[in-house]
Amino acid sequence: MRSQLLLVGSSFLPPFKYIWGSLEESFEIHFSNIGNWGEVLESANLKKDVVGIFLMEDTSFDKESSQIEKMQNVLSIIRQRLTTSDKTFLFCFSTYTPSNVITKSKSPGRLSSVMIELQKLCEDFRHFYTIDLDNLFAGMGLSASYSYRNWYFSNSRLTNLAWAKLSPAINKVLTRIQSAPKKILVLDCDNTIWGGIIGEDGISGIALGQDGIGKAFKDFQGAVMELRQTGTLLGLASKNNEEEVWEVFDNHSQMLLKRNDIIVSRIDWSDKASNLLQMSLELDIGLDSFVFWDDNPFERQQVRNHLPEVTTVEPPKAVELWPQFLRDLDLFSNFYVTPEDLDKQNQYRSRLAFQNFQSTTQKNDGYLNKISLSATLVSIDEQNLSRAEQLSMKTNQFNLRSIRLSASEIRDFINRQGNFGYLVHLKDIFGDHGLVALFLVSTKDDIAFVESFNMSCRVFGRKLEYWIVHKIEQASERLGVSSIVFGSRPTVKSGPVISKFFESGLFVRLGNFPDSAVTLVQQREYRLNEDEFYEVKKSLAGNEVRGIYE
Amino acid sequence: MSEEVIKKLKQILNITFPNFYLPDDIIDLTIGACEEWDSLGNYALLTMVEQEFKLEFTMKELSEIRSIRQIIERLKND
């Protein structure tokens, strides 16, 4: 079902399909009337996401207040709306006004109060986002973006070129709010991260260095490293002899990428689609989280044909355009970078090491006793709230009720009387895995209901989920609760994992939800009639993890 | 007017009025030929013509041009 989106502007927004067509695939778009910005926003349906397009130049004929005062007034109205509605607000703004170099030469900071307030809005409200139109249009130039003729003819200042730039930008931001960034970039080697063919040219013959095309390939590696450093995983899929490829990584003085930057590789003569599939299985990352970059159109098409879920990039023909093209893709971009994001590579290495250990030790659970598992409950606060939101929004497999909660919803939940929730921190001999699980529990009378339970797939196989059940039991006992109920709402991705969890012998399946446990309002909020319900059998979870966790 | 120009105009009409079943001969089409081609639709059409043919209509032309024939005449004068 498409979400509802309200478009609001300081001037007329042309409702043309050629402008908004791509947005209409995901959103049912409504256009507000032009009017007083404040009246429009204050009366706007609070249940719709909003995109506001505000050009300071549109207020130039309002003589009652200065343009900056007008802008500040708009931001004040937006702040009021953000306080009363948790729907997304994307503010696209331009502070451009025609230059008068003389009058403006002594007031370079005249917009600082506006920009400071915009920054505060971003920090105070997680559901507020911005697009700086002047920055977006800078590449085209102002005369190609803004039109006085359009303004006088139709009350709409932007040109078609500007709309063609803005609409996809809006789509990118709104899409990113609703979907996770890609996780892994898989690269070819020959003529992709270096010029030439290592098998033919040898290490001294490939183009990689300080000048010309070699510099372009090196800068491309630099753009790849920027992604690596913000949490994107890197893989190699190359038709080559493996030792020749690693020789370049280890010994070529101009290589920016090192062997240790690569989390997974398939360097052989198999087809690349098969190799990508193997990587997906090895890392347990869905193919829809993969991005594939190869200079060879034949290889790209082969992957597109066999693995349409993989995003196969169509790079520009000119290699010198690749670094900026990769940066502009935004496939891996996110609004925040958490400490867990920065440590992603180590986390996956730990996971692979654990899987390897698991497969080489005895088949019973004795190996879990050997890896010094240590888990702790972490209170949810403003410092880790973004991680809590990330776990709620992005976890697909171990997500018992498929509920996605924003940071403000999580905050509201744990502040309600009778509710509690925690993040879970995990470490073992394979490393510090960080905050890997989130659970939220509401209590009423003598029943505790686990409203939400999410756990990262990186830490599967450690019985952490049973340790968490044990901790919920302990917390609930302290509150005088005698019955702990879990809800289950499986999806295609979570079904197998959830089935295994509830069929572990620790639960009894209930027919109906115990009505006294939550208020009717909560029942409506969380759509309880869609769940299956399970009650925990007392103390079994503790037995399951005894001796495994410190 | 060249076939290439007519072909481009047809493409523009398809994009601007996606629900309009275009006739083979578009020369006599005017505002009101389909539901979407009202004054707002006419403005959309003319801005698309500007973009495709890299020209700029004056405000007077935006007000007065309301048919394919007039667009073609204008293109001839460019």
Side-chain angles (χ1 to χ4, degrees), chain A residues 2 7-9 11-35 53 55 57-58 60-61 133 136-137 139-169 171, chain B residues 4-23 26 29-75 77-78:
Chain A
R2 293 184 301 165
L7 295 181
V8 180
S11 50
F12 175 63
L13 302 178
F16 302 148
K17 203 166 181 66
Y18 68 81
I19 294 177
W20 308 108
S22 59
L23 267 179
E24 283 179 336
E25 288 172 20
S26 308
F27 296 94
E28 187 182 310
I29 298 179
H30 304 263
F31 292 88
S32 78
N33 296 324
I34 304 178
I53 300 172
L55 283 65
E57 179 66 356
D58 288 344
S60 63
F61 297 106
L133 295 180
L136 183 70
F137 299 150
M140 297 194 304
L142 292 168
S143 58
S145 312
Y146 299 115
S147 164
Y148 281 112
R149 185 211 64 184
N150 286 359
W151 170 246
Y152 288 114
F153 186 78
S154 66
N155 266 344
S156 177
R157 203 176 293 273
L158 299 183
T159 63
N160 267 356
L161 286 176
W163 286 120
K165 196 94 176 147
L166 177 55
S167 179
N171 204 10
Chain B
E4 185 60 29
V5 169
I6 298 294
K7 188 176 165 190
K8 282 185 180 178
L9 285 174
K10 280 187 174 179
Q11 284 170 350
I12 291 170
L13 283 163
N14 273 325
I15 292 168
T16 314
F17 310 127
N19 297 320
F20 183 25
Y21 186 74
L22 278 184
I26 61 169
L29 291 178
T30 69
I31 190 169
C34 66
E35 194 179 337
E36 296 161 290
W37 195 346
D38 53 13
S39 55
L40 194 55
N42 194 62
Y43 174 54
L45 175 67
L46 293 179
T47 57
M48 289 292 284
V49 168
E50 284 184 319
Q51 196 171 309
E52 178 63 32
F53 293 98
K54 296 189 179 16
L55 55 86
E56 186 163 328
F57 296 114
T58 64
M59 282 185 62
K60 189 166 184 285
E61 286 169 331
L62 284 179
S63 301
E64 292 179 352
I65 294 176
R66 291 170 167 245
S67 70
I68 297 299
R69 197 178 293 279
Q70 283 177 297
I71 291 172
I72 291 171
E73 278 306 309
R74 173 63 175 83
L75 290 173
N77 294 337
D78 204 52

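Each chain gets a letter, A, B and so on, in the order the sequences are listed, and its residues count up from 1.
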I'd like to know whether Thr47(B) forms a side-chain contact (heavy atoms from CB on, under 4.5 Å) with Trp163(A), so could you lay out the CA-CA distance, the side-chain angles of the two residues, the decisive distance to 0.1 Å, and finally the verdict.
CA-CA 12 Å; Thr47(B) 57; Trp163(A) 286 120; over 6 Å; no
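- Remark: Lys10(B) NZ is packed, more than 12 non-hydrogen atoms of other residues, nucleotides or ligands lying under 6.0 Å away.
- For the residue pair Ser156(A) / Tyr43(B), no side-chain donor-acceptor distance below 3.5 Å is found, with atom types taken as modelled.
- Considering NZ of Lys17(A) and CD1 of Ile15(B), their distance stands at 13.0 Å, rounded to 0.5 Å.
- Heavy atoms of Phe153(A) lying under 4.5 Å from chain B belong to its backbone as well as its side chain.
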Carefully, step by step, assess Leu40(B) and Phe12(A) under the rule side-chain contact (heavy atoms from CB on, under 4.5 Å).
CA-CA 12 Å; Leu40(B) 194 55; Phe12(A) 175 63; 3.7 Å; yes
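- Residue contact with chain A, scored on non-hydrogen atoms closer than 4.5 Å, involves the backbone and the side chain of Phe57(B) alike.
- Among Glu50(B), Glu36(B), Glu56(B), the residue with the largest count of heavy-atom pairs under 4.5 Å with chain A is Glu50(B).
- Here the CD1 atom belonging to Ile12(B) is positioned 10.5 Å from the OH atom belonging to Tyr18(A), to the nearest 0.5 angstrom.
- Across all their heavy atoms, Met48(B) and Asn160(A) have their closest contact at N-ND2, 3.7 Å.
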